[in-house]
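Below you'll find the structure, written out as C-alpha cells, and then a few comments.
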Amino acid sequence: MSAIKYEKNADNIVILTLDSSGQSANTMNAEFRDSLDEVSQKLKAETDLKGVIFRSAKKTFFAGGDLDELIQVQPEHATEFFNMAEKLKSHLRSIETLGVPVVAALNGTALGGGWELALGCHYRIAINDPKTKFGLPEVTLGLLPGGGGIVRMVRLLGLQNAFPFLLEGKQFGVNQAKSLGLVHDTVENEQELLDKAIAWVKANPKSQQPFDIKGYKIPGGDPKTPAVAQVLAIAPAMLRDKTKGCYPAPEAIMAAAVEGAQVDVDTALRIESRYFTQLTIGQISKNMIGTFWHGLNAIKSGASRPANIAKWKANKVGVLGAGMMGAGIAYATATQGIPVILKDVSVENAEKGKAYSQKLLDKRVSQGRMTAEKRDQILALITATSDAVDLTGCDLIIEAVFENQELKAQVTQEAEQYLAEGGIFASNTSTLPITGLATASKYAQNFIGLHFFSPVDKMQLVEIIKGKQTSAETLAKAYDFVQQIAKTPIVVNDSRGFFTSRVFGTFIQEGMRLLAEGVHPAKIEMAALKAGMPIGPLAIQDEVSLSLTEHVAAEARKALQAEGKDLPKTPVDEVVHTMIHELNRKGKAAGAGFYEYPENGKKHLWDGLSRWTKENDISEQEMIDRFLFVQALDTLRCYEEGVLESVVDANVGSIFGIGFAPWTGGAIQFLNQNGIEKSLQRAEQLAAKYGERFNPPQLLKDKAQKSEGIH
C-alpha cells in the first residue's frame with residue numbers, strides 16, 4: 001500500500017493524493033516516508049513535468065507526525081532518528097526545488113507535519129471553512145516542528161512574527177493564514193480547489209520558493225539586523241522567565257530559529273533536525289506526549305466510562321446557586337446550546353449570575369470572536385429564576401451552593417422532584433463526600449458529584465465522583481454531559497476531598513510549612529514556579545481564602561471525630577489561625593492575605609510575613625522536591641486506596657485540576673520518569689527528614705522491588 005497516490009493528468013501535472021491506509025487522518029508514519037521517497041524519485045525522473053499538486057483523500061489535509069512512533073525513540077536511536085528526519089526533509093526539499101510549480105490544495109486542517117508539508121509548497125489554496133486550523137503545535141508536546149516548519153515560517157514571516165506560532169504553538173484559521181500571506185487563495189469546495197490549483201500551475205510554469213530566489217531577505221531582517229539583534233539580546237531571558245527552565249522545547253525552537261536564520265536553507269534544516277532529535281530522545285517530550293496526547297485521547301474515547309450503556313444527551317439543565325461556580329456552569333452549558341435554568345434564592349441573585357455570562361460573551365463579541373446575534377442566542381438559553389417549579393423537566397440538576405451539608409441537603413430535596421424521568425442529580429462539591437450528600441436524596445443511585453474548577457469558563461477539567469450507591473447509568477450520563485459541554489472528565493471514588501482537592505491541599509500546606517520553618521516567602525513562591533507549578537502556594541492560598549481553608553479543616557476534623565479519629569494540629573494550623581484571627585488577613589477577597597493588593601498596583605508579598613522568617617539553609621532543589629513529591633506520593637495513595645481507578649485519570653487530573661507541573665506528564669508519571677527506585681529512595685530521605693507525609697506508599701515499594709513502572 002502507498003500513502004500517496006500518484007496520478008499524472010493530460011496537462012503533465014502530477015496530482016499527489018495523500019491517503020494513509022487504515023487511518024482516518026494522514027500522518028508522517030513509516031508508510032508515508034516510504035511513499036514520499038518513491039514519489040520524489042519518480043518526480044525527478046519525469047521528462048515533461050509541468051507541476052505538482054498535493055491534495056488529501058481524508059476529511060482533513062494532514063494531521064502531522066506519528067506520536068506513537070516518536071514516544072518510542074530512545075537516546076540510543078539518536079543517529080538513526082536524525083538520519084530519518086534528514087531523509088524525509090531532503091525529499092520535501094527536492095520536490096520544492098524541481099523548478100516547477102508546487103501547490104498545496106488544503107481541503108481542511110493541517111497541523112504539525114501537515115502544515116510543514118504545506119509550507120514546502122510554493123502556493124497554498126484553502127477551502128474557506130471556519131473549522132479549519134493551521135499551525136505548529138509541537139511545543140505543547142515538548143517537541144519542535146522537525147519537518148522544516150521552523151526554517152520556512154522564519155523565512156516567510158520573519159523571526160519576531162514567527163515566534164508566537166513556534167514558541168507557543170498558536171493555531172490560526174483560514175482568514176488569519178490569508179492575512180499573514182501563508183495562504184494565497186481560498187475556495188468554497190473541493191472541485192474548485194482542484195480547478196484553481198491546476199489553473200495556478202498552468203499560469204506559473206516556472207516557480208520556486210520566495211526564499212530560494214537570489215537576494216531574498218528575511219522579513220524584518222536576520223539576527224545581525226540591529227532591530228532584531230536588540231530583541232534577541234533579551235528574548236532568551238524573557239523566555240526563561242516564562243518556562244522557569246522546565247521546558248527545553250521553546251528554548252530549542254528559539255535556538256534553531258535564530259541559528260537557522262544566519263545560514264542557507266539546507267544548513268538551517270540540518271540544525272532543526274539536530275534540535276528535533278535532542279528533544280525527541282529526551283524524557284520531557286515522552287512525559288507530555290503520554291499525557292497530553294495518549295492520556296487525553298483515552299479519556300475522550302471514554303476510558304473511564306462504563307461500557308455498553310447507550311450514549312446520553314442532556315436537553316435541559318438546572319443549576320442551583322448563581323454564585324461564581326453556578327454562573328460559570330450555566331455559561332459552559334449554554335455555550336454548547338443547552339437550555340439552562342439558573343436558580344437562586346432571589347431573581348436578583350439569579351440575574352447577577354446570568355450577567356456573568358453576558359460579560360464573558362460581550363468580551364468575545366468585542367474581540368471579534370463571536371457575533372452579537374450568537375451572543376443573544378446563548379443568553380436566551382439561560383433562564384434566571386427563584387422558582388423551583390421552573391426546573392420541571394430538567395434531565396440534570398447541578399447544585400452549586402456553599403460547602404455546607406445541611407444547605408446542600410435542603411436544595412437537593414427542594415429540586416429533585418422536578419427532574420425528568422431518567423434524570424440525574426449532581427453536587428458541585430469540592431470536598432464533601434458524595435455518599436453523605438446522597439442521603440438527602442430519594443434516589444441515591446441517581447446522585448453523583450460533578451466537581452467543576454474555578455473559573456469554569458477557563459478550566460477544562462471536571463472531576464466526576466461516584467457515591468457508594470451511584471449507578472453505572474448515572475456515571476455514564478454524567479461522563480456524557482461533561483463531554484457534551486466540551487470539558488474533560490476524570491472519574492474518582494468517594495472520599496473526603498476526593499482526589500484533586502485533597503492533593504491540591506498538600507501543595508498549599510507544604511508552602512505554609514516552609515513559611516513556618518522560617519523560609520523567606522519569596523523563595524517559597526519561586527521554588528514552586530521552578531518546580532513547574534503555575535503559581536506559588538501562598539498566592540493560591542490567598543485566592544482560595546484562608547477562611548475557607550480553616551472551614552474545610554474544621555469540617556474534616558468534625559467528621560473524623562464522629563468516626564472516633566483525630567486530625568492532629570500542624571504548623572499550618574498555627575499559620576492559618578494567626579493570619580485570620582491575629583492579623584486579620586483572610587486572603588485576596590478580603591483585600592489582604594499573604595499578599596498585599598494595592599488598588600492601582602501589582603500585588604506583592606506582605607512585609608509582615610517576616611515574623612516567621614528565620615535562618616534556614618534549605619536549598620531550592622530541596623523545596624522543589626518537597627512540592628512535587630508531597631503531591632505525587634498522595635496521588636499514588638489515592639490510586640492505591642481506590643479513590644482513583646486509573647493512572648491516566650491521575651496524570652490528566654493532576655495537571656488540569658491542580659496545576660501539577662505539566663513537564664512531568666502528571667503526578668504519577670513524575671515518579672515513573674524519575675525512575676521508580678530513585679523515587680522510592682528520595683521519598684524515604686524526605687520522610688526521614690520531614691515526616692510521614694513523605695512515607696512511600698506500599699505500591700511504590702512493590703513496583704521498585706520489581707523494577708516496574710506504574711501504568
request  = Look at the side chain of Arg33 and the backbone N and O of Met28, then say whether any donor-acceptor pair between them is shorter than 3.5 Å.
outcome  = yes
Would you say Ser285's side chain and Gly142's backbone share a donor-acceptor pair under 3.5 angstrom? no
Quiz question: by atom type and distance under 3.5 Å, do the side chains of [X] and [Y] form a donor-acceptor pair?
X      : Y      : result
Asn29  : Ser20  : no
Thr664 : Gln669 : no
Lys89  : Ser273 : yes
Ser207 : Asn204 : no
Glu31  : Ser35  : no
Asp68  : Gln72  : no
Glu96  : Gln209 : yes

request  = Given side-chain hydrogen bond (donor to acceptor under 3.5 Å, both in side chains), test Asp212 with Thr97 step by step and report yes or no.
outcome  = CA-CA 8 Å; Asp212 283 327; Thr97 54; over 6 Å; no
Any chance you could lay out the ring pair (Phe, Tyr, Trp, His ring centres under 6.0 Å) test for Phe82 and Phe276, step after step, and finish with the verdict? CA-CA 8 Å; Phe82 171 80; Phe276 183 43; over 10 Å; no
Please say whether the positively charged group of Lys603, taken as NZ for Lys or CZ for Arg, lies over the ring of Tyr595, i.e. under 6.0 angstrom from the six-membered ring centre and within 45 degrees of the axis.
yes
Legend entry - Ring geometry between His184 and Tyr123 (parallel below 30°, tilted from 30 to 60°, perpendicular above 60°): parallel
Look up atom [atom1] in [X] and atom [atom2] in [Y], then write down how far apart they are to the nearest 0.5 Å.
X      : Y      : atom1 : atom2 : value
His294 : Leu141 : NE2   : CG    : 10.0 Å
Leu144 : Tyr275 : CG    : OH    : 10.0 Å
Arg93  : Leu269 : CZ    : CG    : 6.5 Å
Lys178 : Thr186 : NZ    : OG1   : 4.0 Å
Asp185 : Trp200 : CG    : CH2   : 11.0 Å
Lys363 : Asp457 : NZ    : CG    : 8.5 Å

From the list Ile485, Leu379, Leu361, Ile378, side-chain contact (heavy atoms from CB on, under 4.5 Å) partner of Tyr331 resolves to Leu361
